[in-house]
Structures are given as C-alpha cells and as structure tokens.
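Atoms within each ligand, like the ligands themselves, are counted from 1 in listed order. Predicted model, so just to flag it, every value in this text is computed and none were measured. Throughout, numbering of the chain's residues begins at 1 and tracks the sequence. Note that these values count all heavy atoms, side chains included, but never hydrogens, waters or copies made by symmetry.
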Amino acid sequence: MKLVIAIVQDEDASQLLSQMMTEGFSVTKLATTGGFLRAGNTTILLGTEDDRVPVALKVIENVCRSRKQVSAPHGTMMDHQVGNGYTGFPMEVTVGGATVFVLTVDQFLKV
Ligand code: 2BA
C-alpha cells in the first residue's frame, strides 16, 4: 500500500477531490501553508493500493495547474541570513501544478 501526499493550490483542491472520489479513492484534505509564500495551500492525503497509484497521479496531473504568484516582502530577521532564498523584495514565482510524495505504508489500520 502507498500513501500519496499531494500539495496543491487551493484553486484546484475542490475539483481534485471530486475527481478522486469519482475514481473511487478515499482522500483527506488538509489546510496547509507554504513555507516560502506563507500563503494557504491544500494538502491531500490518499491511501491506496500500489497498482492504483498511477491513476491517482494522472488525476493530479490532469487537474492541477501551474500559476504565477508574487511573493510578499515578508520575513523576519532570520530570513535575511544567507541561503534561505529570501530576497526582501517581491518576486514572481511559478507555483504548482502539484508537489507529490509517494510513501510506502507499513501498516494500515482502522480500529
Ligand atoms: P511555498 O513554499 O509557498 O512555495 C511556493 C513556490 O515558491 C514554489 O512552488 C516555488 O516555485 C517557489 N519557491 C519555494 N521555495 C523557494 C526558494 N527558496 N527560492 C525561490 N523560490 C521558491 P512549488 O515548488 O510548486 O511548491 C508549492 C508548495 O509545495 C510550496 O509552497 C510548499 O508548500 C510545497 N513544497 C514544495 N516543495 C516541497 C518540499 N520539498 N517539501 C515540502 N513541501 C514542499
């Protein structure tokens, strides 16, 4: 069994959930926040058999779009340390379609 963790944009979340349900997947939606933009995004948890993972990935690929966003000039003093990518100025970044992790599940229990 695998656990698919997909971080997607809020704009795509509703359609993604609908498509996943239509395909017969069980999914959990979490409201999350991206560390770079500090803006809301959505994380989907999806447990499924190994042979169904390609179907789930296809749905994600079909639904999730990439979009351009401008980062806000936020940050703390810590952000100005070298190496964290923070410039102090707004910059345009391309977000998505989706950031996906596929993990092997040791145990799946409903108790
Ligand atoms: P954020 O961290 O808010 O990042 C939003 C977008 O900003 C990223 O889009 C990327 O284009 C850009 N970005 C992120 N860190 C950057 C940096 N240090 N310098 C310049 N640009 C940077 P995506 O790559 O599509 O990521 C979308 C969201 O997926 C991220 O939101 C984060 O919540 C999640 N994510 C991406 N990679 C991840 C990873 N390796 N581990 C955990 N979460 C990840």
Side-chain angles (χ1 to χ4, degrees):
M1 186 177 203
K2 301 288 188 198
L3 177 66
V4 178
I5 302 173
I7 304 163
V8 306
Q9 293 177 73
D10 289 345
E11 293 90 331
D12 296 324
S14 177
Q15 198 194 341
L16 184 59
L17 248 65
S18 300
Q19 292 279 330
M20 288 300 189
M21 299 305 291
T22 302
E23 291 288 345
F25 291 110
S26 288
V27 291
T28 297
K29 172 180 177 284
L30 304 174
T32 46
T33 303
F36 187 71
L37 291 177
R38 319 269 168 104
N41 54 25
T42 296
T43 299
I44 304 288
L45 303 182
L46 183 156
T48 189
E49 295 312 317
D50 291 27
D51 62 351
R52 296 265 291 149
V53 170
V55 180
L57 296 180
K58 196 73 197 164
V59 172
I60 293 169
E61 200 179 310
N62 287 343
V63 170
C64 297
R65 303 271 167 263
S66 66
R67 299 180 181 86
K68 292 196 187 307
Q69 284 192 34
V70 177
S71 69
H74 53 61
T76 65
M77 289 303 287
M78 290 291 286
D79 291 321
H80 293 277
Q81 291 175 3
V82 174
N84 66 0
Y86 178 70
T87 63
F89 298 99
M91 59 189 266
E92 190 177 73
V93 294
T94 301
V95 186
T99 300
V100 183
F101 302 87
V102 181
L103 288 71
T104 299
V105 175
D106 284 342
Q107 273 192 315
F108 173 57
L109 305 172
K110 288 186 179 179
V111 294

Any chance you could measure I60, atom CD1, to L46, atom CG, to the nearest 0.5 Å?
7.0 Å

Compare all side-chain heavy atoms of K2 with those of T104 and state whether any distance is below 4.5 angstrom.
yes

Report yes or no: does N41 contribute a side-chain atom to a donor-acceptor pair with the main-chain N or O of V8 at less than 3.5 Å?
no

Numbered atoms and elements of ligand 1 in range of L37, under 4.0 angstrom, heavy atoms
1 (P), 3 (O), 5 (C)

Counting each atom of ligand 1 from 1 as listed, which ones have a heavy atom of G96 under 4.0 Å away?
25 (O)

To the nearest 0.5 Å, tell me how far I5 CD1 sits from I44 CD1.
11.5 Å

Of all the atoms in ligand 1, which lie at a distance below 4.0 Å from a heavy atom belonging to V95?
6 (C), 9 (O), 25 (O), 27 (C)

Ligand 1 contact on V93 by region, counting heavy-atom pairs under 4.0 Å
side chain

N or O contact, R38 vs ligand 1, cut-off under 3.5 Å:
no

Do any heavy atoms of A39 fall under 4.0 Å from ligand 1?
no

Cluster question for you: counting only ILVMFWY and a side-chain heavy-atom cut-off of under 4.5 Å, with indirect links fine, are L17 and V63 together?
yes

Proximal ligand 1 atoms for G34, defined as those under 4.0 Å from one of its heavy atoms
1 (P), 2 (O), 3 (O), 31 (O), 33 (O)

Sub-3.5 Å donor-acceptor pair from the side chain of S71 to the main-chain atoms of M91, do we have one?
yes

Does any N or O atom in I7 lie less than 3.5 angstrom from one in ligand 1, N or O only?
no

As an exercise, identify every atom of ligand 1 less than 4.0 angstrom from a heavy atom of N41.
28 (C), 31 (O), 33 (O)

In ligand 1, which numbered atoms sit nearer than 4.0 Å to a non-hydrogen atom of F101?
39 (C), 41 (N), 42 (C)

Is the side chain of Q9 donor-acceptor paired with the backbone N or O of R65 at a distance under 3.5 Å, no angle test?
yes

Pick, from T32, T99, T33, V100, the option with the minimum heavy-atom distance to atom 37 (N) of ligand 1.
T99

Return yes if some donor-acceptor pair links the side-chain N/O of T43 with the main-chain N/O of I7 below 3.5 Å, else return no.
no

